[in-house]
Amino acid sequence: MAEIKPYSMCWLEYTDLNKYRDKYRRIFGNIVVLGDNSLNLPLKELRDFLTYSLGIKPKIFRNTFANTSNFVLIGKLSDVRKVLKGLDEFEFSLGEEGFLIKKVEFGENSILILTAKEYVGLIYGVFKLIEKLKLGEDIDKINFLSNPSLKFRILNHWDNLDGSVERGYAGNSIFFKDNKIIINDRTKDYARLLSSIGINGIVINNVNVKKKEVELLTIPYLKKLKELAKIFSAYGIKIYLSINFASPIYLGGLNTADPLDKRVSLWWKTKVDEIYEYIPDFGGFLVKADSEFNPGPHMYGRTHADGANMLGEALEPYGGFVIWRAFVYNCLQDWRDVKTDRAKAAYDNFKPLDGKFMDNVIVQIKYGPMDFQVREPVNPLFGGLEQTNQILELQITQEYTGQQIHLCYLGVLWKEILEFDTYAKGKGSEVKEILKGSVFKIKNNGMAGVSNVGDNINWTGHDLAQANLYTFGELAWNPDEKIEKIVERWIKLTFGDDEKVVENISYMLLNSHKAYEKYTTPLGLGWMVNPGHHYGPNPEGYEYSKWGTYHRANYEAIGVDRSSRGTGYTLQYHSPWREIYDSIDTCPEELLLFFHRVPYNYRLKSGKTLLQTYYDLHFEGVEEAEEIRRRWIELKGKIDDKTYERVLQRLNMQVEHAKEWRDVINTYFFRRTGIPDEKGRKIYP
Ligand code: GCU
C-alpha cells in the first residue's frame with residue numbers, strides 16, 4: 001500500500017490501475033539502470049508507481065543485462081549508447097532537458113529505453129512515462145522524444161515569511177510560517193508535482209519584498225534555503241528569490257541603492273558570492289522595481305537597464321539570471337487626469353531600453369497591459385521588444401477571475417495569448433514563437449505563472465483549479481499543444497477515464513472562462529471589482545482611485561478611447577493590429593470597451609445595441625454557470641464523495657455570486673441609461 005498522505009497528490013495520485021497490469025507486466029517486470037546512484041530518484045518514482053498502481057514489483061538490475069530479456073532500460077544517453085547501437089541521431093535531437101522513450105526489439109527481447117542527455121531529462125522523462133502508463137497508452141511501438149520549447153518555465157510564489165500569501169486562495173504558504181522556512185514531506189511532494197509538469201524554476205517569495213523578507217538574503221535564512229534548494233534541485237527545479245532593490249540600505253548599512261554607485265554594486269557582488277556558496281545552482285533574482293511603491297533605479301535617476309545590469313553582472317559568473325518585471329506604471333494617478341493611460345506604461349518604459357540589457361537579464365511581462373483582467377489585449381511589448389529576453393507572466397492564482405471560488409479554467413485564455421500573432425516580423429510572429437526564440441535572436445525566454453498553491457489539502461482551494469496549474473506547466477513545455485488534449489489528459493489523470501466524467505468536466509473547464517467573462521465585465525471592460533481584495537462586483541470601485549483604472553461611464557457612453565485619436569495606445573502595436581484596434585468598426589468585439597469609448601446605443605455586429613448586449617451577456621453568463629454546476633451534479637457517484645461535495649459547494653457559491661454580478665452590473669447600466677431590458681427580464685431599479 002502506498003503511504004496515505006494528508007493531502008492530495010493531484011494528477012500524481014497512485015490510483016488502482018490493475019486493469020492495465022497484464023498489458024505492461026512483460027516489460028516492466030525488470031528494470032536495468034545504467035549509471036550510478038544519482039539515478040535512484042527516477043528509478044524510485046517508476047518503481048513506486050509500478051508497485052502501488054499496477055501491482056508490479058520490478059526486479060532491479062544495476063549495470064547488467066544478465067538474466068533479463070524484456071526490460072526497461074534507464075540511463076543517460078552516453079551510457080546507453082555504449083551498450084546499444086542505433087541511437088546516434090539522438091545525440092543531435094535531444095536537448096539538455098529533453099528525453100527519449102523508445103521501444104526497441106532484439107530478437108526475442110524487448111527493451112523500453114528511457115534516456116536523456118542529462119539527469120534532469122531522466123526526471124522529466126520518468127514522469128512522462130508514468131503519465132503514459134497511467135493513461136493506459138500503448139507503448140509497444142513507442143518512439144517519443146520531447147524537448148521543452150521554452151527555456152524558462154517558472155512559478156512565482158507571492159508568499160510572505162509570516163505564512164500569508166498575497167492573492168492566495170488556497171490557505172497559507174507551503175514555504176513559510178512565523179518567519180521560518182518550512183521543510184516537510186509536502187516540500188518534496190510539491191517538487192514532484194512541479195517536476196512532473198516540466199517546471200524548472202520557482203521564485204519562493206512575494207515580488208513585494210517587505211522589510212522582513214529582505215532578510216532572506218542573510219546567512220541564517222540562506223542556510224535553510226540551501227536545504228530547500230537541494231530538495232527542488234533533485235527534481236530539476238532551481239530556486240529564485242524576489243529581492244528588494246534597496247537591500248544594500250536595509251542589510252548593508254549603505255545610504256544609497258544607486259546602481260551606478262560602486263559600493264552598491266560591490267555589495268551585491270559580495271552578496272551573490274555568498275548566496276552561491278550556500279546554493280550552487282541558485283537561479284537568480286526576480287525584481288519588482290519602481291512599481292507600486294517598491295524601490296528601484298528611478299529613485300536615483302537611473303534606468304531599469306542600469307538597475308538590472310548591475311545585478312546581472314553580479315550573477316553572471318555563476319550563470320544566474322535577473323528577471324526584471326515590466327509591471328511599471330504611475331500608481332498615483334489622479335482620476336481627473338484623462339491624458340495618462342496606464343495601458344501605455346509598460347511599453348513606454350521598456351521599449352526605449354530594448355537592446356540595453358545584459359544577456360542574463362530577462363524582462364518579465366504581464367500578458368496584458370493592465371493587470372490580469374479576465375480579458376485584455378496582449379501586451380504590445382510582445383513584438384515590441386526585439387533584442388530583449390522576455391518571459392510571459394500569467395496569473396494562475398485567480399485574483400481577478402473568481403479567487404478559486406469560481407471555476408474559471410484559464411488554459412483557454414492562455415492559449416489565445418500564446419497564439420496571438422504580433423506581426424512583429426509579418427505573419428507568423430506569434431507570442432509563442434517569440435518565446436521559443438524563433439522570431440528574434442533572443443533565447444533566454446519563457447513563461448512565469450503566479451502560483452495558485454497553498455497549504456489546503458487539495459493545494460489549490462478549488463479542486464478543479466489544479467487544472468490551471470497542470471496546464472501552465474504543460475503549455476510552458478509545449479505551447480503548441482491543443483488545449484482540449486491537455487484538459488482531457490488532466491481529467492483522466494485526476495479522475496480516471498470514465499467517459500461521462502471526461503465529457504462533463506471537459507465541458508465545465510472549457511466553458512468556464514467564457515461564462516465568467518460574461519457575467520462579470522465582458523467586451524474588454526475589466527475592473528468593476530471591489531477595491532483591495534478584488535472579489536465581487538463594484539462598478540465604480542476603481543473609478544476615482546489612484547490606480548489608473550477607469551471606465552468613465554456617463555449616461556451616454558462607457559470606456560476609454562485608446563485609439564490614435566484618444567490616448568494613442570493602439571499605436572504601440574504593429575500593423576495590421578494598430579489599424580484593426582484603432583477603428584471601432586474593426587476592433588474585435590471582445591475587446592471593444594478596452595480600446596474604445598462606446599455609446600450605449602452603438603450597434604454591434606449582431607445588430608443589438610451595446611447596452612442590450614451587456615444585459616444579454618449577463619443573463620447568459622449566469623445560465624452558463626448553472627449549466628456548469630448541472631454537469632457536475634450529473635457526476636455524483638462517479639467522483640469520490642469528499643471531492644464531489646467540496647466542488648459542489650464552490651459551484652453553488654459561484655452561481656450565487658454570478659447572480660450578484662449580473663444584478664449589480666445590469667442595475668448599474670440601467671440606472672445610468674434608464675433603458676430597460678428589451679426582453680423584459682428582471683433588472684433591479
Ligand atoms: C496586482 C496585485 C498585487 C501585486 C501586483 C504585482 O496589482 O493586486 O497584489 O503585487 O499585481 O503583480 O506586482
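Note that ligands are numbered from 1 as they come in the structure, with each ligand's atoms numbered from 1 the same way.
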Side-chain ion pair, Arg336 and Asp334, N-O less than 4.0 Å: yes
I'd like to know whether Asp354 forms a side-chain contact (heavy atoms from CB on, under 4.5 Å) with Glu386, so could you lay out the CA-CA distance, the side-chain angles of the two residues, the decisive distance to 0.1 Å, and finally the verdict. CA-CA 7 Å; Asp354 194 16; Glu386 300 181 1; 3.7 Å; yes
His551 and Trp527: side chain donor to acceptor below 3.5 Å: no
Is the shortest side-chain N to carboxylate O distance from Glu416 to Arg375 below 4.0 Å? yes
Under a 4.0 Å heavy-atom cut-off, which residues neighbour ligand 1? Trp158, Glu166, Arg167, Val207, Asn208, Lys288, Glu292, Arg325, Phe327, Lys366, Asp371, Glu399, His534
Could you tell me if the ring centre of Phe321 sits under 6.0 Å from that of Tyr318? no
What residue among Tyr614, Tyr516, Tyr400 forms side-chain contact (heavy atoms from CB on, under 4.5 Å) with Thr521? Tyr614
